[in-house]
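My structure is below; once you've seen it, I'll send some questions.
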Amino acid sequence: MTTSLRNIITRHNPITLLDSSFGPVALAHVHQIHAQLLVHGHLNYPLLFVQFLAAVALLSPSNTTPSSPQHHERQLLLLYSQRLLDYSPHPPTTFVLNSLIRAHSRGPDPAPAFRFYRRLLCSPDALSPDRFTFTFLVGSCGRGGPSSAAGEIAHAAALRRGFVSNPHVHSALIRMYAQFGLLDAARRVYDELPDPDLVSRTAMLGAVAAAGDIVLARELFDSMPRRDPIAWNAMIAGYSQVGRSREALELFSSMQLEGVRVSVATLVSVLTACAHLGALDQGKWVHAYMQRNRLRVTVTLGTALVDMYSKCGDVGRGMDVFWRMQEKNVYTWSTAMSGLAMHGAGKECLDIFELMKEHGVLPTGVTFVSVLRGCSVAGLVEEGRRHFDSMRDQYGIDPWHQHYGCMVDLYGRAGRLDDAVHFINSMPIEPHARAWGALLNACRIYRNIELGEYAMKKMVEMESKNHGAYVLLSNIYAESRNWGGVNDVRESMKAKGVRKEPGCSVIEVGGEVHEFFVGDNSHPRYREIEVMLREISRRLRLAGYAAKTNAVMFDIEDEEKEDAVCWHSEKLAIAFGLIALGEGASIRIVKNLRVCWDCHDATKLISKVFQRDIVVRDRNRFHHFRDGMCSCMDYW
DNA sequence: TTAGGGTTAG
C-alpha cells in the first residue's frame with residue numbers, strides 16, 4: 001500500500017468509530033462499518049482487516065452481568081470477531097490471536113482464551129506466542145471456577161518460553177495466584193525477580209491484603225522505594241478489607257498530607273471504612289469532596305456511597321444517591337435493599353426488589369439475603385417462603401447457610417417456633433450454628449425456655465466457644481428470673497473457658513471517632529462522662545425507670561450488677577454524645593454486639609427525657625430511638 | 001496496531 005493511500009484510508013477510516021471512547025457500540029454499527037469497508041475494498045488490505053477484527057474483539061471484553069442485554073450484545077460481538085477470523089482471506093497473525101485472547105480474558109471462563117492460544121501454537125505459519133500473549137492468557141485465569149490448573153499451564157508455558165521476567169507477565173502471574181488464594185505461589189513468583197517493579201510490588205501487596213496478612217502488607221508498602229497513587233490505594237483497600245477501618249482512614253489522611261492524587265478507587269475504600277465504622281461525618285466529607293472535585297460517580301463509587309449512608313444510619317440520604325445514579329448494577333440494587341432491610345424498612349426493600357427485576361437485573365444469592373431479611377423485618381412469612389423457593393426454582397441459586405438462617409429467623413420472629421424447628425429439621429444440608437442461633441433468639445423473644453435450651457445445646461455442639469449462644473440462653477433465664485439457670489450458664493462458660501466478646505461502641509464527634517468498651521474509663525473526658533452517667537440515672541429514675549439488672553448477665557464476670565448496667569459501652573457513648581454533641585444533634589452509635597434489653601429500654605427513655613434522637617447500629621440492624629419509642633418495635 | 005498493580009453488596 002502506498003503511503004498516500006494509507007493516509008486516505010486512515011483519515012476516513014470508519015474503524016476509528018469503534019474506538020471505545022465513543023461509548024457503547026451496537027452490533028448494528030459494526031455491520032454498517034463492515035459493509036462500508038467491504039464496499040470500498042478496504043478489507044483486502046491485511047492491515048485494515050486485522051485492525052477491524054481487533055477493534056470488534058476489543059469492544060466485547062467487560063464485566064457485564066450475565067443475562068443482561070449488554071452481556072448478550074458483547075457475546076454477539078465476540079462471535080462476530082471469531083467469524084471474521086474464520087472467513088478471513090488473510091492468514092492469522094499473533095496480533096490477531098492476541099486480540100481474541102485478550103477479548104476472552106475478561107470473561108468468567110478462561111477456556112476460549114486457551115482455544116485461541118492453541119490455535120496460535122498450531123498455526124501452519126509457525127506463529128509464536130509473545131509477551132502480550134502471556135499477559136492476556138495469564139489474565140484470563142483466576143476469575144472463573146475453582147481450578148487453578150489452567151493458570152499453572154499458562155505459567156509453565158510462559159516460563160518455558162522465557163516470559164516470566166517480563167514485568168507485565170510477572171505482575172499478571174502474581175495477581176492470578178492471589179485470586180486463587182495461593183499466596184505461597186504468588187510469593188514464589190514475586191521472589192523470582194531480584195528487583196520487581198512498582199506494579200509487581202503493588203500486586204504482591206494486594207495479594208498479601210487479600211490473604212489478611214496486613215502486617216506483612218504494611219512492611220511491603222513501607223519498603224517500596226517509591227509509591228504511586230495505586231500503591232497507596234492498595235494499602236488503604238487492604239486495611240479497609242480486613243476491617244482495620246481506622247488505619248484505613250489514617251493512611252488516607254497521610255496520603256492527602258503528602259499530596260498524593262486521590263482517585264475514585266481511593267474513595268471507594270475510604271467509604272467502605274466509613275461504613276464499617278459508622279463514621280457519617282467523614283463519609284459526608286468524602287461525598288462533598290466528590291462533588292467539589294466533580295468526580296464521576298461510577299457504579300462502584302455510587303454503590304459505596306449508598307452503602308456508607310445506610311450503614312451510618314442515614315438510609316434516606318443513601319436512597320437519594322441511589323435514585324440519582326444513572327447506572328446501577330446488581331451490587332447497587334442489593335446494597336440499597338440491604339440498607340432498607342437493616343433499617344426495618346422491609347416493605348420498601350421488597351419494592352426495590354421488584355423494580356430491580358423489572359429492570360432486567362438478575363438477583364444473586366446476596367440479593368436474596370436482603371430479600372429474606374426484608375420479609376423478616378416486615379413479618380411477611382408467606383412471601384418470604386415464596387422468595388426462598390424461587391431462588392432454586394426460578395434462578396437456579398442453591399440456598400446458602402445464610403438463607404436458611406434467614407428463614408428460621410423469619411418463622412421465629414413471627415412466633416411460629418414450630419415451623420422454625422420443622423424448617424431446620426427438613427434442611428437438606430447440616431444446620432449450622434447460625435440457624436440454631438436464630439431459633440435461640442426467637443426463644444428469647446417468645447420466652448420459650450425449653451426450646452431455647454435445646455437450640456443452645458445444638459449451637460454449642462457445633463461451636464463450643466460461641467459466646468453468643470451462652471449470652472442468649474443466659475438472657476432467656478434472666479428474663480424469666482431463673483437465677484439458677486443464669487448461674488449454670490456462667491459456670492459452664494467458666495469451665496469451658498468461653499469469654500464474652502467485650503462490648504464496644506463507637507461514636508463520631510466532629511469527624512473524630514471515639515471508641516468505648518464495657519466499663520472503660522480511659523477516655524480523656526471520662527470525669528465528665530461519669531457525671532453525665534449519674535445525671536442520666538437520676539433523670540431516668542425520676543421518670544420511673546428501674547434498671548433491669550438481669551441483663552447484666554451479659555457481663556458474666558462482673559459482680560456489681562447495678563453499676564455494670566450503667567457501664568455498658570453504648571451508655572458510655574451516649575453519655576459522651578450528650579456532652580460533646582451540640583444541642584439537639586442526633587446521637588449515632590455503632591455497637592459490635594446486639595443491644596441488650598436494658599440498654600434498649602434505657603435508650604428509649606433517654607430519647608424522651610433528653611429529647612434526643614438516638615440511632616444505634618447493633619450487630620444486626622439499626623434502632624432509631626425517638627420520643628421514647630424504637631423503630632424496631634422491641635423486636636430484634 | 002495489543003499489555004500489568006488499587007475500587008462496591010451478606
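Computation of the quantities below employed the complete heavy-atom set of this structure, encompassing side-chain atoms and omitting hydrogens, waters and symmetry-equivalent molecules. Naming convention: chains lettered A, B, ... in sequence-line order (proteins, then strands); numbering from 1 in each chain.
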Check: Does R102(A) count as lying over the ring of F132(A), i.e. NZ or CZ under 6.0 Å from the six-ring centre, within 45 degrees of the axis?
Finding: no
Next item on the list: Report which part of the nucleic acid T367(A) touches: base, sugar-phosphate, or nothing (heavy-atom distance under 4.0 Å, all strands).
Entry: nothing
Margin query: How many whole angstroms separate atom NZ of K311(A) from atom P of dT8(B)?
Written below: 11 Å
Next item on the list: May I ask you to decide if the ring planes of H623(A) and W636(A) are parallel, tilted or perpendicular, using 30° and 60° as cut-offs?
Entry: perpendicular
Margin query: So V268(A), base contact, sugar-phosphate only, or nothing? Heavy-atom distance under 4.0 Å.
Written below: base
Note to self: Each nucleotide in nucleotides 1-6 of chain B should get exactly one letter: B, S or -. Can you fill that in based on protein heavy atoms under 4.0 Å?
What the structure shows: BBBBBB
Note to self: What is the distance, to the nearest angstrom, from the CG atom on N329(A) to the C1' atom on dT7(B)?
What the structure shows: 12 Å
Next item on the list: In whole angstrom, give the distance that lies between atom CG of D307(A) and atom P of dT7(B).
Entry: 16 Å
Check: Roughly how many Å is it from CG in L301(A) to C1' in dT7(B), rounded to a whole number?
Finding: 9 Å
Checklist line | Partners meeting salt bridge (charged side-chain N to carboxylate O under 4.0 Å, His left out) with D125(A) (sequence neighbours left out) | finding: none
Note to self: Would you say S334(A) and S370(A) are linked by a side-chain donor-acceptor pair, where the criterion is simply a distance under 3.5 Å?
What the structure shows: no
Notebook entry, point to check: CD of Q402(A) versus P of dA9(B): gap in Å, rounded?
Noted result: 13 Å
Next item on the list: Could I get the full list of salt bridge (charged side-chain N to carboxylate O under 4.0 Å, His left out) partners for E354(A), not counting sequence neighbours?
Entry: K357(A)
Note to self: Is the ring pair H387(A)/F368(A) parallel, tilted or perpendicular, if the boundaries are 30 and 60 degrees?
What the structure shows: tilted
